[in-house]
Amino acid sequence: MTRTPIVAGNWKMNKGTAQEATALINELKAALLESSGNGAEVVVCPPFTALAAAKQAIGASPIALGAQNVFWKASGAYTGQIAPQMLVDLGVSHVIIGHSEARGRFGVAEPDFTPDVLKQFGETDVTVNRKTRAALAAGLVPIVCIGETLTERQNGHTDVVVQTQVQGALEEIGSDDVTRIVFAYEPVWAIGTGEVCGADEADRVCGVVRAAVAALYEETAAQAVRVQYGGSMKPDNAPDLLTRPHIDGGLIGGASLKASDFAAIIRAAQS
Ligand code: PGA
């Protein structure tokens with residue numbers, strides 16, 4: 001089965017003013033014009049504050065717009081939350097859900113995990129599932145992040161952590177919907193650290209993600225689901241990662257903030 005690669009830029013809490021987002025998207029559009037290949041889906045995920053300006057800057061170009069979070073309720077007394085339909089109304093088509101910087105690790109003794117509570121927002125497999133279902137119901141493409149911490153890897157728990165997160169995200173999701181979900185395998189220890197997961201191992205774990213989907217649905221659904229790798233992907237390591245059989249693109253943090261680097265990664269996904 002041929003899967004269209006998907007490369008998404010997770011800007012995190014950067015470039016969140018209209019001016020900054022517009023400038024970066026204009027640079028990206030220019031860099032992509034030089035690109036010879038095609039066939040990869042490209043998504044940029046600015047902070048909420050820049051979504052409207054980003055949509056305008058994207059204009060008629062094929063770049064898709066993603067948000068970095070969503071709530072599962074349609075409206076109500078949920079201070080600070082954003083409903084799926086509000087994103088759709090802004091022209092958003094994709095949404096990142098369950099990023100490790102949002103998942104909660106409170107109370108868990110993990111020496112490698114930054115005890116910076118301001119960075120973590122208590123996301124669990126249950127909230128990830130609710131958000132994923134709400135996003136699907138609104139017609140958004142959920143980019144569901146999963147991945148193990150360094151301690152979990154060192155203890156040999158990588159596969160079971162990833163399987164549990166996939167199963168948790170997919171509760172009560174039917175086989176028609178599952179193929180619209182994009183999983184992003186992001187080993188926590190490789191995010192923003194410059195420490196990239198080797199391509200063989202990244203591909204192996206992306207295969208574990210696919211097998212976890214296959215265990216719940218038909219094999220054809222598992223073959224259709226796209227699995228990205230994320231964690232310190234850069235122009236130099238992207239070609240090796242993006243040509244592996246189970247890796248269908250990337251979720252890019254740091255390198256998505258530089259148009260030429262992001263465009264180089266997109267080209268690697270296209271070739
Ligand atoms: P990074 O971030 O590319 O800066 O490691 C990836 C992510 O957090 O999605």
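Start at 1 and go down the list; that is how both ligands and their atoms are numbered. A quick note: this is a predicted structure, and the numbers were derived from the prediction, not measured.
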Within the 4.0 Å heavy-atom cut-off around ligand 1, the contacting residues, ordered by chain and number, are N10, K12, H99, E186, A190, I191, G192, G231, S232, L251, I252, G253, G254
Return all side-chain donor-acceptor pairs below 3.5 angstrom for residues 54-64, not counting sequence neighbours, or 'none' if the list is empty.
residue: S61; atom: OG; partner: I58; partner atom: O; Å: 3.3
residue: S61; atom: OG; partner: I63; partner atom: N; Å: 3.4

I'd like to know if E27 pairs up with K258 as an ion pair, taking the criterion as any Lys NZ or Arg NE/NH1/NH2 lying under 4.0 Å from an Asp or Glu carboxylate oxygen. no
Ion pair check, E123 and K131, cut-off under 4.0 Å: yes
Report all side-chain donor-acceptor pairs from residues 200-219 shorter than 3.5 Å, counting only partners two or more places apart or in another chain.
residue: D200; atom: OD1; partner: R244; partner atom: NH1; Å: 2.3
residue: E201; atom: OE1; partner: R204; partner atom: NE; Å: 3.0
residue: E201; atom: OE2; partner: R153; partner atom: NH1; Å: 3.1
residue: E201; atom: OE2; partner: R153; partner atom: NH2; Å: 3.0
residue: E201; atom: OE2; partner: R204; partner atom: NH2; Å: 3.1
residue: D203; atom: OD1; partner: H246; partner atom: N; Å: 2.7
residue: R204; atom: NH1; partner: D159; partner atom: OD1; Å: 3.4
residue: R204; atom: NH1; partner: D159; partner atom: OD2; Å: 2.9
residue: R204; atom: NH2; partner: D159; partner atom: OD1; Å: 2.9
residue: R210; atom: NE; partner: H246; partner atom: ND1; Å: 3.0
residue: R210; atom: NH1; partner: A222; partner atom: O; Å: 2.9
residue: R210; atom: NH1; partner: V225; partner atom: O; Å: 2.6
residue: R210; atom: NH2; partner: H246; partner atom: O; Å: 3.3
residue: R210; atom: NH2; partner: D248; partner atom: OD2; Å: 2.9
residue: Y217; atom: OH; partner: L170; partner atom: O; Å: 3.4
residue: Y217; atom: OH; partner: I173; partner atom: O; Å: 2.6
residue: E219; atom: OE2; partner: Q223; partner atom: NE2; Å: 2.6

Salt bridge (Lys or Arg N to Asp or Glu O under 4.0 Å) pairs touching residues 7-17, sequence neighbours excluded, are K12-E101
Verdict with reasoning, V144 to V182, per side chain to side chain contact (heavy atoms under 4.5 Å, CB included): CA-CA 6 Å; V144 176; V182 175; over 6 Å; no
